[in-house]
Amino acid sequence: MKNPNLGRMLRYYRKSRHYSVQQVVNQLKTDYSVSISPKTIYGWENSQNQPSADMLLILCKIYQINNILESLGYEGSLEQAPLVLSAEERELVLKYRTHKYYHSAIHKLLDMEN
């Protein structure tokens with residue numbers, strides 16, 4: 001059964017890990033002895049095709065996806081997937097935590113007023 005969220009999820013996690021398609025292709029070949037073309041990965045991410053179950057498990061290892069069902073939308077949604085922060089986002093969160101006197105201004109700016 002084809003899952004419409006699969007391609008979107010694969011693209012989301014690849015990009016959130018800052019991997020290029022070529023890096024994934026290289027890792028598949030080096031670490032798992034799997035030779036595929038970048039076009040195959042683009043096909044999966046654009047929902048033209050879907051990887052086999054074995055290939056999906058390998059991709060989940062590469063992308064560090066721990067809860068496959070949740071990531072595919074069976075338990076929650078992609079918006080509830082584990083939050084992966086970039087270095088810049090992490091720095092923003094840490095600075096937010098250290099400057100408590102700015103919290104109300106930031107909440108107002110982001111329309112998060114309590």
Side-chain angles (χ1 to χ4, degrees):
M1 176 190 276
K2 199 168 187 180
N3 184 313
N5 294 325
L6 182 60
R8 184 174 53 154
M9 182 269 303
L10 290 173
R11 182 173 43 251
Y12 168 82
Y13 279 100
R14 177 180 58 79
K15 288 184 174 189
S16 71
R17 300 290 182 220
H18 305 288
Y19 293 146
S20 69
V21 169
Q22 189 60 51
Q23 287 173 311
V24 174
V25 167
N26 293 342
Q27 190 169 0
L28 285 168
K29 186 172 187 167
T30 303
D31 296 347
Y32 299 95
S33 301
V34 174
S35 294
I36 61 169
S37 71
K39 186 176 178 182
T40 301
I41 292 178
Y42 285 121
W44 294 336
E45 291 182 355
N46 292 317
S47 297
Q48 295 168 343
N49 298 304
Q50 291 192 332
S52 68
D54 291 337
M55 181 59 66
L56 179 59
L57 290 175
I58 291 171
L59 291 171
C60 287
K61 285 180 186 177
I62 292 171
Y63 299 156
Q64 301 168 16
I65 299 170
N66 296 321
N67 189 334
I68 299 169
L69 290 176
E70 183 176 313
S71 297
L72 289 172
Y74 291 111
E75 299 173 9
S77 64
L78 284 177
E79 290 78 30
Q80 297 171 339
L83 185 60
V84 178
L85 300 177
S86 67
E88 180 183 19
E89 292 167 331
R90 180 174 165 70
E91 182 180 357
L92 286 169
V93 169
L94 293 174
K95 286 189 177 192
Y96 171 83
R97 289 178 178 171
T98 62
H99 295 289
K100 296 196 183 298
Y101 49 89
Y102 288 126
H103 287 192
S104 63
I106 294 168
H107 286 212
K108 187 172 187 171
L109 177 70
L110 298 175
D111 283 331
M112 296 174 49
E113 294 184 72
N114 297 342

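- One finds the OG atom of S20 at 9.0 Å from the CD1 atom of I41 (value rounded to the nearest 0.5 Å).
- The hydrophobic cluster containing L110 also contains Y101, counting ILVMFWY residues as joined when their side-chain heavy atoms lie under 4.5 angstrom apart, directly or transitively.
- In terms of heavy atoms, I36 sits closest to V25 at O-CG1, 3.3 Å.
- Under the side chain to side chain contact (heavy atoms under 4.5 Å, CB included) criterion, V93 pairs with L85, R97, not counting sequence neighbours.
- In this structure, Q22 places its CD atom where more than 12 heavy-atom neighbours from other residues, nucleotides or ligands lie under 6.0 Å away.
- Expressed to the nearest 0.5 Å, how far CZ of R17 lies from CD1 of I62 amounts to 12.0 Å.
- Residues satisfying the salt bridge (charged side-chain N to carboxylate O under 4.0 Å, His left out) criterion with K100, sequence neighbours excluded, are absent altogether.
- The hydrophobic cluster containing M112 also contains Y102, counting ILVMFWY residues as joined when their side-chain heavy atoms lie under 4.5 angstrom apart, directly or transitively.
- Within the model, atoms NZ of K39 and CG of N46 stand 12.0 Å from one another, a figure rounded to the nearest 0.5 Å.
- In this structure, Q64 CD and L59 CG are separated by 13.0 Å, a value rounded to the nearest 0.5 Å.
- The only member of K15, R11, M9 that meets side-chain contact (heavy atoms from CB on, under 4.5 Å) when paired with Y13 is M9.
- Side-chain contact check for L28 versus M55: some heavy-atom pair is nearer than 4.5 Å.
- Listed by chain and residue number, nothing satisfies the ring pair (Phe, Tyr, Trp, His ring centres under 6.0 Å) test with Y42 (two or more places apart in sequence, or in another chain).
- With sequence neighbours excluded, the residues satisfying ring pair (Phe, Tyr, Trp, His ring centres under 6.0 Å) with H103 are Y96.
- In plain terms, the two heavy atoms of Y63 and L10 that are nearest each other are CE1-O, 3.7 Å.
- Atom OH of Y32 sits in a crowded spot, with more than 12 heavy atoms from other residues, nucleotides or ligands closer than 6.0 Å.
- Applying the salt bridge (charged side-chain N to carboxylate O under 4.0 Å, His left out) criterion to R14, with sequence neighbours excluded, gives E45.
- Residues that satisfy the side chain to side chain contact (heavy atoms under 4.5 Å, CB included) test with T30, not counting sequence neighbours, are absent from this structure.
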